[in-house]
Amino acid sequence: MRAPLGAHGRRLYMEEKYVPSAVEEKWQSYWAKQNSFEAVEDPARKKYYLLEMFPYPSGKIHMGHVRNYSIGDVIARFKRMQGYNVLHPMGWDAFGMPAENAAIQHKSHPAKWTYENIAYMRGQLKTLGLSYDWDRELATCDVDYYKWEQRIFLEMYRQGLAYKKVSAVNWCPKCETVLANEQVEDGCCWRCDSIVQQKELEQWSFRITKYAQELLDDTYKLTGWPERVLTMQRNWIGRSVGCEIDFPLQGGLSSIKVFTTRQDTLFGATFMSLAAEHPLALELTTAEQRSEVEAFIEKVRKTDRIKRSADDLEKEGVFTGSYCVNPVTNVKMPIFLANFVLMDYGTGAVMAVPTHDQRDFEFARKYDLPLQVVIQPEGETLDPAAMTEAFTGEGLMVNSGRFDGMGNSDAKETIADFLEKEGIGKKTVNFRLRDWGISRQRYWGNPIPVINCDLCGVVAVPTDDLPVVLPMDAAFTGEGGNPLARVESFVNCTCPQCGEAARRETDTMDTFVQSSWYFLRYCSPKFNSGPLDREKVEAWMPVDQYIGGIEHAVLHLLYARFFTKVLRDLGYCNVDEPFSNLLTQGMVIKDGAKMSKSKGNVVDPNALIERYGADTARLFSLFAAPPEKDLDWSDQGVDGSYRFLNRVWRLVYDVLPAIKEAGAPVPGALSAEGKNLRRAVHKTIKKVTEDVEERFHFNTAIAAVMELVNAIQAFGARNAPENVAVVREAVESVVRLLAPFVPHFAEELWAELGHEGVLEQSGWPQYDVEATVDEEITVVIQVNGKLRSKLTVAPDIQEAAAREAALADPKVQPFLEGVSVRKVVYVPGKLVNIVVG
RNA sequence: GCGAGAGUGGCGGAAUUGGCAGACGCACCAGACUUAGGAUCUGGCACCUUAGGGUAUAGGGGUUCAAGUCCCCUCUCUCGCACCA
């Protein structure tokens with residue numbers, strides 16, 4: 001039954017029963033109408049930029065999104081209530097392969113599929129009551145977004161930060177396309193099961209290596225990031241310090257350059273290992289070794305990347321027939337090709353020191369190559385003939401000429417100086433990080449804005465001719481490679497330089513490019529004179545809190561840092577690091593496994609919202625675990641959260657008539673019970689504030705509110721006239737503290753409590769320190785560290801009194817009989833420990 | 001192999017600075033209300049117990065008056081990297 005309406009359409013009594021759908025629809029439309037979450041720059045207020053990683057519009061929201069965005073929304077609403085000017089935007093990472101696959105499957109168009117998904121998912125996010133500034137929404141597949149990216153690309157090209165190079169890629173001969181590493185399953189194409197080949201292709205790359213040092217150094221400034229993410233990035237960048245050393249070819253003029261971090265073992269280098277792809281490989285091969293070497297190179301090339309880097313791959317190699325010379329010992333070193341030497345690390349050549357490197361050791365044993373010990377561990381004499389593994393520890397230098405007797409660690413620097421002085425080598429820093437290959441032979445991406453001219457070579461599309469718009473009339477058959485390459489009207493063009501017929505580049509950019517700067521674009525999403533409005537970017541950046549999955553620890557989060565630095569250097573912004581604080585939330589697990597269709601353990605957010613409402617869905621996903629941990633989904637747990645909201649609703653319903661007219665509590669006029677409840681209220685405000693603000697531990701914050709609700713319910717004399725003010729304050733506090741977690745629910749009850757304005761603008765509740773002070777405290781009494789009794793005493797009890805009371809306590813007495821008290825430890829306000837023996 | 005993190009009741013999880021282990025919730029048990037209960041309310045709920053207590057935070061040792069928390073060793077799990085010269 002509906003409650004009767006008052007004169008202004010307002011119900012006279014609140015609904016007895018909590019109906020989530022009614023409440024949620026009401027407030028969602030209110031927020032939309034009021035544009036409640038619009039972010040406007042305001043120098044008078046402190047800004048707070050809160051961002052969750054934007055989703056790929058795959059079709060519908062899953063529970064991982066619900067969790068991610070609920071966490072973000074709590075922080076956004078909390079900060080807003082605290083008075084911050086909050087920017088909380090949302091958008092779509094909208095280019096990518098699945099759209100193309102769906103188009104092939106449904107004989108549709110990637111754009112149609114993508115925009116339909118966006119429309120649907122936007123609706124789902126709105127149903128969750130997330131407080132986004134929807135006016136800033138962007139989709140990376142919008143021309144208005146990607147055209148600016150093309151402009152950035154061209155500027156990077158001019159600066160030498162974007163360049164074309166030949167690199168090895170995974171190639172499916174049937175699909176005629178490049179595959180990402182993760183699309184290769186057991187060496188076969190994930191779609192057609194053909195054997196994936198390694199292919200050398202001309203690819204566009206970004207020179208991220210130029211920023212390697214800065215990207216590494218600045219990880220030490222990111223104090224708001226989880227340590228493990230920083231560690232992963234540092235490992236990925238992989239800086240190592242060592243030397244480049246030239247080994248002259250025997251009888252030849254040229255030399256082979258190696259990179260080593262172990263120049264201290266140079267005197268023990270007895271042979272040379274080159275990568276199979278090393279440019280000198282064939283040149284160095286003698287006639288009699290030719291067939292063997294060619295067979296080896298072919299074999300290595302055929303082995304795919306995954307197998308090649310597998311742990312159990314046996315070390316193999318082949319002798320080229322040529323020799324080089326160890327520049328410090330003049331020993332003749334046979335030159336081998338070895339399958340474990342990587343062309344894309346260092347120089348693709350390794351000086352082999354079998355006595356002090358395990359890989360070289362295994363290789364030398366297999367091919368019967370000489371061993372020379374140059375580091376002796378203390379108290380032991382290594383005999384090359386008897387060694388079963390390389391010695392990689394510390395020791396004293398031997399067989400190393402003038403360096404004999406030095407500690408090998410100390411010798412590193414000395415030898416490096418020596419090599420530089422002699423012109424044999426030089427100190428270098430080498431990075432594991434490689435340039436970022438961004439070419440994709442796919443349609444649904446941002447076209448790389450260049451033109452290939454037979455006469456002029458690669459020619460940038462003039463800025464005035466931008467954007468290069470992705471043509472809509474491509475055919476999606478799943479065969480014949482990149483659909484874009486078959487759109488004649490797109491491909492055929494004239495060279496902007498010479499005017500002759502030319503072909504447009506049909507590679508599109510990796511989708512990680514779009515996600516590398518979307519957070520900057522959010523600051524001025526509609527700016528139409530460039531990618532970024534510098535003033536707006538300066539007003540909002542950096543992102544104060546970024547939230548997303550750990551799976552992007554290296555890829556996205558490294559690319560975004562790189563891109564921000566590039567944009568800074570191009571003059572678009574003044575930001576060094578885009579994300580001040582990073583929260584990596586855990587996965588949503590059910591029945592011990594990640595939710596997946598094949599496991600049949602998927603929870604559908606729509607069904608959940610329909611049955612319980614968004615507030616319950618949010619509450620449970622926040623309550624069940626702290627954000628950085630995996631969340632174990634439990635249907636019964638959801639019931640529990642729903643029950644809690646119903647309990648709060650009923651509590652308000654029950655007390656409303658009595659407290660309607662109540663004012664603020666007058667501390668001096670309270671009963672003892674009233675005082676206790678008020679203390680609980682203010683302690684709860686304190687705890688919730690701290691848990692949310694300092695730790696993002698929403699689970700304990702919610703638990704604290706639950707405790708307070710239990711306390712209000714247990715509060716016996718709540719309708720007594722002297723207590724109604726306390727009850728009102730208590731109930732209102734519950735509602736206000738719940739606002740960031742269950743915003744519709746809280747707004748509704750706030751209105752029912754008779755407030756005219758919206759709750760979110762009423763400010764975050766402040767606790768009264770005075771009210772939190774205990775009147776009496778419990779002091780624990782231990783005997784030899786074991787709990788024996790408890791004392792209830794005044795908070796200001798003196799040490800002597802506490803000791804005396806403890807020793808006199810009847811429950812403690814039996815434990816003091818027949819023994820002597822050796823010591824009494826007193827921790828003020830906490831415990832007395834009587835040590836006996 | 002290297003690096004990081006974790007291991008607490010039947011379950012998810014609390015314990016923020018070394019000071020009452022198990023908050024809060026779920027499940028379960030008993031009771032009340034009820035035609036009924038998958039609603040609601042009340043109470044119970046780590047384990048053992050001779051009812052005094054005793055034992056418990058993966059296992060073992062240590063520091064301390066006091067250890068889930070600090071130190072050492074071992075085991076298990078998760079994640080990341082993995083021939084990086």
Side-chain angles (χ1 to χ4, degrees), chain A residues 226-236 238-240 242 258-262 265 269 273 275 308-313 315 338-342 344-353 356-360 362-363 430-434 550-551 553-554 586-587 589 619-620 623-626 628-641 643-644 646-647 650 687 690-691 694-695 697 699-710 713-714 778-790 814 822-837:
Chain A
E227 200 50 41
R228 63 182 185 136
V229 174
L230 295 174
T231 305
M232 280 162 73
Q233 292 216 350
R234 286 172 196 142
N235 290 341
W236 188 265
R239 182 181 193 262
S240 47
V258 305
F259 170 74
T260 183
T261 56
R262 294 299 307 274
T265 64
S273 305
R308 202 174 158 182
S309 60
D311 202 15
D312 50 0
L313 186 75
K315 286 172 189 43
N339 64 348
F340 62 87
V341 179
L342 307 171
D344 48 9
Y345 183 78
T347 62
V350 179
M351 68 171 204
V353 185
H356 304 294
D357 181 285
Q358 185 58 25
R359 293 155 301 178
D360 297 341
E362 288 169 34
F363 198 83
N430 194 61
F431 291 93
R432 210 185 72 112
L433 181 71
R434 286 159 211 159
I550 186 79
E551 65 272 18
V554 173
M587 288 190 305
I589 303 285
L619 187 66
F620 178 73
F623 176 64
E628 66 276 11
K629 286 184 65 168
D630 285 349
L631 179 140
D632 218 338
W633 195 265
S634 148
D635 294 333
Q636 282 137 348
V638 177
D639 273 324
S641 293
R643 271 206 293 269
F644 170 68
N646 276 289
R647 213 159 66 234
R650 230 169 18 248
K687 173 157 178 65
E690 288 168 358
D691 281 354
E694 290 161 25
R695 307 197 303 162
H697 278 205
N699 56 334
T700 52
I702 293 165
V705 179
M706 288 175 168
E707 279 185 87
L708 180 58
V709 170
N710 292 344
Q713 280 183 321
T778 302
V779 172
V780 166
I781 311 174
Q782 298 179 338
V783 178
N784 283 351
K786 282 187 181 149
L787 179 72
R788 295 303 178 196
S789 185
K790 293 178 184 181
R822 294 224 170 121
K823 190 171 163 187
V824 178
V825 179
Y826 176 64
V827 180
K830 289 243 166 87
L831 63 76
V832 180
N833 189 10
I834 305 165
V835 185
V836 299

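Because the structure is a prediction, the values reported are computed rather than measured. Just so it is clear: chains get the letters A, B, ... in the order the sequence lines come, proteins before strands, and each one is counted from 1.
- Across the strands present, B/U16 finds no partner; the criterion is a Watson-Crick or G-U wobble pair with both atom distances under 3.5 angstrom.
- Contact between the side-chain N/O atoms of A/Lys823 and the OP1/OP2 oxygens of B/C65 is found at a separation under 4.0 Å.
- A salt bridge is absent between A/Arg262 and A/Asp357: the closest approach of a Lys/Arg side-chain nitrogen to an acidic carboxylate oxygen does not fall below 4.0 angstrom.
- Nucleic acid contact class of A/Asn784 (heavy atoms, under 4.0 Å, all strands): none.
- Note on A/Val827: a base of the nucleic acid sits closer than 4.0 angstrom, heavy atoms only.
- For B/C41, the OP1/OP2 oxygens have a side-chain nitrogen or oxygen of A/Arg650 closer than 4.0 Å.
- Classification of A/Arg695 and A/Glu628 as a salt-bridged pair fails, no side-chain N sitting under 4.0 Å from a carboxylate O.
- The phosphate of B/G25 (OP1 or OP2) has a side-chain N or O of A/Arg647 nearer than 4.0 angstrom.
- Counting heavy atoms from C-beta outward, A/Asp632 and A/Ile589 have side chains that approach closer than 4.5 Å.
- The phosphate of B/A85 has neither OP1 nor OP2 within less than 4.0 Å of any side-chain N or O from A/Arg432.
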Anything under 3.5 Å between a protein N or O and an N or O of nucleotides 27-31 of chain B, put it in a table, one pair a line.
from, atom 1, to, atom 2, distance (Å)
B/A27, OP2, A/Arg643, NH2, 3.2

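- Applying the 90° criterion around 0 to the glycosidic angle, B/G52 comes out syn.
- Backbone-only engagement by A/Pro626 is indicated by non-hydrogen atom pairs under 4.0 Å involving sugar-phosphate atoms exclusively.
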